Amino acid sequence: MLSLYILGDSPIHRCPAWLKLLALALIGSVVMIIDSWPTLTAVLVLIIGAYVLARVPWHACWPMLRAMIIFVAIIAACQWLFGSAATVAVVSIRLTCVIMAANLVTWTTKVSDLVASIDVAVSPLTRLGVRTDRFSLAIALALRFIPVIAEQGRRIREAQAARGVRAPLTYLAPLIIKTVRMADGVGDALESRGADLRPVTTAGTPACPSRRAFVDTADHSG
Amino acid sequence: MIRLDHVSHRYGARDVLHDLNLDLSEHRIGVVGSNGCGKSTLARLCNGLILPSSGAVSVEGHDTAKDSSAVRSLVGFVFQDPDLQIIMPTVGEDLAFSLRPHRLPKAEVAKRVDQWLHAYGLQSHRDHPAHLLSGGQKQLLAIAAVLIAEPQVVIFDEPTTLLDLANKRRIMDIVLRLDQQVIVVTHDLEFLTDFDRVIVLDQGRVVCDDRPQPALAHYRRLALGEPPVC
Ligand SMILES: Nc1ncnc2c1ncn2[C@@H]1O[C@H](COP(=O)(O)OP(=O)(O)OP(=O)(O)O)[C@@H](O)[C@H]1O
Ligand SMILES: [Mg+2]
């Protein structure tokens, strides 16, 4: 259920990223503590209200909602075997709340803002020698490359189908090989684009003075 | 200027480049040669992505083995596959990523990103996920993301291989308009007709190093198995 930023200018979009993350953490904890399904329903209604406020388009919502409904239904069915109707309701609404709230945050927050606030949140760890900038870079890379890898998987499956291969999992081996090779290429790109991949103990990269302004030379190309 | 001084390179036991001595100072330099002859290896040596097995490579006097961060900021590298070169999830963020080493104020970063998005016709895609761009747009983004960092030299390793004719022309046009030194590895020979110098590699050796016309003629004969005259 990885969704990405949807352009918009609602109050939810303008709300600072750290506040949304904090609210998400709060909602996540609160719904885990609450045991009564009417109260949980009230929380869910609040979250749906936030969706309305954010004006997230329906066509963008639907694939996530569909996946969520299936997921929650499976969990609810399992719960049904062991628990009462009330338990099923509590667990289902809890899950729905968390998934919907998390999706709303990713939809209404730019990754750069999200990553910047995560940077701030984990910054105290630098004192323990943790490279927190790598932490946020890793998140950004994951968000960037999950769709690319998914696309690769789809292409491999298509190529196999075109050659009559039908076994469902045979695409995994070529996909893993492709992904590893891709990681090599991305590593090169990171290095050549100046990502600081040196060990923690080295001093920071010196500021690179601007040498020439090239914008003029490129402006006919748009 | 990039200088290669008795440079050889091997991967494991396999020699790929043999004793190259080159001073690369012309504005536009092309590199051609058959598949596997060592063009990409040469290109990667020039920005320190790989280090020579023997000999030395220097950029403006900075040895790639000793001063890699200076070399990186001087030399930009555009890869064949933009999908691997775009690192951040959205178009605007990817351009901003290139400015990180410059440590500029946020407003200045936003301003420059906007300028470059406009220059490359990507302004309406600023907040779009990079994976939704077309192949041509991805390559434009990859190039803009290198140029925004203002390198003194830009190396292109087959920048047009994955593109259709219109996008090929567009990229060629951009490369030809650049003020800084460009080194282009390519199989598109027409790309190089207005270049200042073309180097022909064959099995890890420079077999011709000349103006485009004679060098490309040499390469064509070589590729067709006819006797060389260069
Ligand atoms: N990382 C590596 N490990 C081992 N061998 C490699 C590696 N990279 C390249 N080679 C080998 O070195 C030789 C030269 O490779 P290089 O990529 O420089 O060729 P190229 O001229 O760029 O070819 P192409 O036109 O296909 O891009 C090839 O035979 C290749 O198989
Ligand atoms: Mg190559």
Side-chain angles (χ1 to χ4, degrees), chain A residues 2-8 106 110-116 133 137 139-152 181-198 202-222, chain B residues 44 47-49 68-70 72-77 79 81 83-90 92-94 96-98 100-104 112 115-123 127-132 140 142-152 155 170 173-174 177-180:
Chain A
L2 182 105
S3 49
L4 274 175
Y5 183 66
I6 299 171
L7 212 55
T106 51
K110 288 186 190 169
V111 176
S112 48
D113 295 341
L114 213 56
V115 166
D133 54 329
L137 183 61
I139 296 173
L141 282 172
L143 287 170
R144 157 82 182 109
F145 284 101
I146 286 171
V148 178
I149 294 169
E151 169 69 18
Q152 294 273 16
R181 205 177 293 154
M182 210 165 88
D184 258 355
V186 176
D188 280 353
L190 274 171
E191 213 174 322
S192 73
R193 290 186 59 188
D196 186 3
L197 303 176
R198 292 171 302 171
T202 327
T205 325
C208 170
S210 148
R211 278 175 290 274
R212 286 142 98 182
F214 294 118
V215 177
D216 292 344
T217 63
D219 66 5
H220 333 266
S221 44
Chain B
R44 280 155 186 268
N47 85 329
L49 268 179
S68 62
S69 66
R72 294 281 149 66
S73 68
L74 289 168
V75 185
F77 200 107
F79 296 83
D81 186 355
D83 246 330
L84 305 186
Q85 182 161 351
I86 301 168
I87 285 167
M88 298 305 268
T90 68
E93 287 164 353
D94 194 64
F97 179 81
S98 296
R100 274 193 191 183
H102 295 226
R103 298 182 197 282
L104 299 169
R112 291 199 194 180
Q115 277 175 336
W116 282 88
L117 287 171
H118 267 279
Y120 282 75
L122 294 168
Q123 64 274 24
D127 295 316
H128 290 181
H131 71 273
L132 296 183
L140 283 175
I143 291 175
V146 167
L147 295 178
I148 196 174
E150 303 182 351
Q152 281 188 5
I155 301 178
R170 197 162 178 196
D173 214 44
I174 289 172
R177 281 177 204 275
L178 290 178
D179 270 348
Q180 58 265 71

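Note that this is a predicted model, so its numbers are computed, not measured.
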A.B. asks: For the interface with chain A, which of B/Asn47, B/Asp127, B/Ile87 has the highest count of heavy-atom pairs at distances below 4.5 Å?
C.D. replies: B/Ile87
A.B. asks: Indicate yes or no: at least one non-hydrogen side-chain atom of A/Arg144 is less than 4.5 angstrom from one of B/Asp83.
C.D. replies: yes
A.B. asks: Please state whether the side chain, the backbone, both or neither of B/Asp94 comes within less than 4.5 Å of a heavy atom of chain A.
C.D. replies: both
A.B. asks: B/Ile86 versus chain A, heavy atoms under 4.5 Å apart: side chain, backbone, both or neither?
C.D. replies: both
A.B. asks: Within the structure provided, determine whether A/Ser192 and B/Phe79 are in side-chain contact (heavy-atom separation under 4.5 Å).
C.D. replies: yes
A.B. asks: Between B/Pro89 and A/Ala140, what is the shortest heavy-atom contact and its length?
C.D. replies: CG-O, 3.5 Å
A.B. asks: Find the distance between CG (A/Leu137) and CZ (B/Arg100) and round it off to the nearest 0.5 Å.
C.D. replies: 6.0 Å
A.B. asks: For a quick test of reading the model, state the closest non-hydrogen atom pair linking B/Pro101 to A/Gly194 and the distance between them.
C.D. replies: CG-O, 3.7 Å
A.B. asks: Do the side chains of B/Arg44 and A/Asp188 get close enough for a salt bridge, i.e. N-O under 4.0 angstrom?
C.D. replies: yes
A.B. asks: Do the side chains of A/Lys110 and B/Glu93 get close enough for a salt bridge, i.e. N-O under 4.0 angstrom?
C.D. replies: no
A.B. asks: Measure from the side-chain N and O atoms of A/Arg193 to the backbone N and O of B/Gln85, and report whether any donor-acceptor pair falls under 3.5 Å.
C.D. replies: yes
A.B. asks: Can you name the residues that form a ring pair (Phe, Tyr, Trp, His ring centres under 6.0 Å) with B/Phe97, not counting sequence neighbours?
C.D. replies: none
